[in-house]
Amino acid sequence: SQARPPGGAAPPASGFCKSLFSYFFSSCPSLFQSLIELFVNRLDSVESVLPYEYDAFDFCQDMEEKRPSENLGQVLFGERIASSPYKEKNNIKWASRWDYILESMPHTNIQWFSIMNSLVIVLFLSGMVAMIILRTLHKDIARYNQIDSSEDAQEEFGWKLVHGDVFRPPRKGMLLSVFLGQGTQIFIMTFITLFLACLGFLSPANRGALMTCAVVLWVLLGTPAGYVSARMYKTFRGEKWKTNVLLTALLCPGIVFADFFIMNLILWVKGSSAAIPFGTLVAILAMWFGISVPLTFVGAYFGFKEKPIEHPVRTNQIPRQIPEQSFFTKPLPGIIMGGILPFGCIFIQLFFILNSIWSHQMYYMFGFLFLVFIILLITCSEATVLLCYFHLCAEDYHWWWRSFLTSSFTAVYLFIYAVHYFFSKLQITGTASTILYFGYTMIMVLIFFLFTGTIGFFACFWFVSKIYSVVKVD
């Protein structure tokens, strides 16, 4: 169980516990048939995100206190489970133990509305992409392939004209390749975690299992991160492979760990039970440097051994001049517009996730979440491909970074929504709680930025490679 002191203050210990137990026993005497030992979790308040030990205020202390071992996910979430001096009798069947939560949270209709809303967006985007690929692109390719003379070719305009520059390596290719490696690692981790949760392996009954699974998977998935980063960096004609490997292994995880460490210091200074013990921090560092970093080096070794990805067309030595662009084909407006549709697919689900984190509600709808995850993948891919095609038609061949930033801008909308949620839904007061909220939110935003950007980039990379491979180029 999880208790919350009203207004942040603890009520009288013995009187509250005895009256609580008397109430349950007197209201439902027929239910109490088997004796169940009650365990307590932590004290928290709607006005603070700083949880405390259940007995921090001399509150319902058990003279023979027992503390079951917590898994990594529970420790990271600040759960500190202890025994209580009371026991409960009931005849609730094990299979029905979550019924009271399901009955008290009738969100199924809202979830279906969210899914239908997302599907409408996906169908709209799919229709647009299909129209471009089947009609416009088909006509373009047929027309370009019928051109015989160079004089006619000079009169042509559109995406074929930039064939000699479209695969020109981007600026800051090192950073882009590092982001792609980390994004691939996060994508695989998220997919496997949500898939296992859908199958029931990460049930809410097994508290902390979701976070434990995600952390362990992230550590073990260093190899694909290193491989993708190295292979893309080699494709970008990069030569500083040692720097690439080190940045892939240390940059983004280092930012997350530094943020997490600062948040943990605040919790430790405030005496909160959510402060992670020093031993756990050392264990996380050991997993990072002892398992994840070596696996990243292994992946990078195989990535650099592979040949660079071959492009369907050659790159010219002299860059082509990009013509004056209209407002909508300039980089910033396109990037801002690109994140709106993917965010529209997830914002309802995001509300329930934020509720589960900050309003202490149980999250159990992993089937819906997995479906929204798949819809998000499709939406990010299609929106980025659509905008990429328009930019290529405008003879702007700088698509590498733009494809990444177009879909990753969804993370900016996620941050704006988190700010709105903080001021409109939460009653948090105090500087420490505010810093903690936005500190943990920034970790979520960074992870989402890398994940969505990687999806958009590889969708665009496949699309561009495909269209230039079917057109004849002299």
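Nearest heavy-atom pair, Ser403 versus Thr384, reported as atom, atom and distance to 0.1 Å: O-CG2, 3.3 Å. Residues Leu221 and Gln185 share a closest heavy-atom pair of O-CG, 3.4 Å. In terms of heavy atoms, Leu450 sits closest to Cys252 at CD1-SG, 3.8 Å. Residues Met189 and Ala214 share a closest heavy-atom pair of SD-O, 3.3 Å. Lys270 and Ala432 make their closest contact through CE-CB, 3.6 Å (heavy atoms, listed as atom of the first residue, atom of the second, distance). The two atoms that bring Leu202 and Ala209 nearest to each other are CD2-O, 3.8 Å, heavy atoms only.
Considering only heavy atoms from C-beta on, Leu251 comes within 4.5 Å of Leu175 through its side chain. You'll find the side chain of Ile353 reaches within 4.5 Å of the side chain of Leu369, heavy atoms only. For the pair Leu281/Phe257, a side-chain contact is recorded, criterion being any heavy-atom separation below 4.5 Å from C-beta on. Cys213 is listed as a side-chain neighbour of Leu196, based on a closest heavy-atom distance under 4.5 Å. Phe352 places none of its side-chain heavy atoms less than 4.5 Å from the side chain of Phe368. For the pair Ser229 and Phe179, the minimum side-chain heavy-atom distance is 4.5 Å or more. Residues Leu161 and Arg320 meet the side-chain proximity criterion, which asks for heavy atoms closer than 4.5 Å. Ile276 has its side chain within reach of Phe260: a pair of non-hydrogen atoms, C-beta onward, lies under 4.5 Å apart.
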Asn355 vs Tyr421, test: side chain to side chain contact (heavy atoms under 4.5 Å, CB included). Steps then yes/no. CA-CA 9 Å; Asn355 268 356; Tyr421 182 86; 2.5 Å; yes
Given Phe448 and Tyr413, is the side chain to side chain contact (heavy atoms under 4.5 Å, CB included) satisfied, shown in steps? CA-CA 11 Å; Phe448 201 74; Tyr413 292 113; over 6 Å; no
Full working for ring pair (Phe, Tyr, Trp, His ring centres under 6.0 Å) between Phe236 and Trp400: CA-CA 10 Å; Phe236 296 155; Trp400 300 99; 5.1 Å; yes
Begin with the C-alpha distance, continue with both residues' side-chain angles, and end with the deciding distance and a verdict on side chain to side chain contact (heavy atoms under 4.5 Å, CB included) for Glu306 and Tyr227. CA-CA 9 Å; Glu306 294 276 348; Tyr227 179 85; 3.5 Å; yes
Dump the intermediate steps for side chain to side chain contact (heavy atoms under 4.5 Å, CB included) on Thr243 and Met174, then the final yes or no. CA-CA 9 Å; Thr243 310; Met174 171 81 79; 3.7 Å; yes
Ring pair (Phe, Tyr, Trp, His ring centres under 6.0 Å) between Trp241 and Tyr233, intermediate numbers included: CA-CA 8 Å; Trp241 63 271; Tyr233 184 61; over 10 Å; no
Might you work through the side chain to side chain donor-acceptor pair (under 3.5 Å) test for Asp259 and Tyr440, ending with a clear yes or no? CA-CA 8 Å; Asp259 188 325; Tyr440 288 128; over 6 Å; no
Give the C-alpha distance, both sets of side-chain angles, the deciding distance and a yes or no for side chain to side chain donor-acceptor pair (under 3.5 Å) between Asp165 and Thr315. CA-CA 5 Å; Asp165 298 275; Thr315 301; over 6 Å; no
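Between the side chains of Gln182 and Thr248, no donor N or O sits under 3.5 Å from an acceptor N or O. Side-chain atoms of Thr193 and Thr190 form no donor-acceptor pair, as typed in the model, at a separation below 3.5 Å.
By the 30° and 60° cut-offs, the orientation of the rings of Phe449 relative to Phe404 is perpendicular. Classification of the Phe187-Phe373 ring pair by plane angle, with boundaries at 30° and 60°, yields parallel. Between His420 and Tyr417, the two ring planes are tilted [angle within 30° to 60°]. Using a 30° and 60° split on the angle between ring planes, Phe370 and Phe191 fall in the tilted class, from 30° to 60°.
Listed for the Thr406 side chain is no donor-acceptor partner under 3.5 Å among the backbone atoms of Ile335. A distance-only check finds a donor-acceptor pair linking the side chain of Trp288 to the backbone of Ala249 [under 3.5 Å]. Side chain of Thr235 to backbone of Ile309: a donor-acceptor contact under 3.5 angstrom is found. Tyr468 places no side-chain N or O within donor-acceptor distance of the main-chain N or O of His311, the cut-off being under 3.5 Å. Without hydrogens or angle criteria, Thr329 side chain to Gln325 main chain gives no donor-acceptor distance under 3.5 Å. Between the side chain of Lys234 and the backbone N or O of Gly303 there is no donor-acceptor pair closer than 3.5 Å. At least one donor-acceptor pair closer than 3.5 Å links the side chain of Trp401 to the backbone N or O of Arg171. In terms of modelled atom types and a separation under 3.5 Å, the side chain of Arg237 and the main chain of Pro308 share no donor-acceptor contact. Side chain of Trp399 to backbone of Cys460: no donor-acceptor contact under 3.5 angstrom is found. The main-chain N or O of Ser407 is found under 3.5 Å from a side-chain atom of Thr410 such that the two form a donor-acceptor pair.
Expressed to the nearest 0.5 Å, how far CG of Leu295 lies from OG1 of Thr223 amounts to 4.0 Å. The CE atom of Met116 sits 6.0 Å away from the CG atom of Leu119 when rounded to the nearest 0.5 Å. If you take CZ on Phe347 and CG on Leu354, they are separated by 13.0 Å, rounding to the nearest 0.5 Å. To the nearest 0.5 Å, atoms CG (Leu210) and CZ (Phe201) are separated by 14.0 Å. For the atom pair Ile374 CD1 and Thr379 OG1, the distance stands at 11.0 Å (nearest 0.5 Å). To the nearest 0.5 angstrom, Glu382 atom CD is 11.0 Å from Leu377 atom CG.
Within a 6.0 Å radius of OH in Tyr301, other residues, nucleotides and ligands contribute 12 heavy atoms or fewer. Counting heavy-atom neighbours within 6.0 Å of Ile318 CD1, excluding the residue itself, gives a total of 12 or less. Atom CZ of Phe289 sits in a crowded spot, with more than 12 heavy atoms from other residues, nucleotides or ligands closer than 6.0 Å.
Taking the six-membered ring for Trp and the full ring otherwise, the centers of Phe438 and Phe422 sit less than 6.0 Å from each other.
We find that Lys330 and Asp396 are not joined by a salt bridge, their nearest charged nitrogen and carboxylate oxygen being 4.0 Å or further apart.
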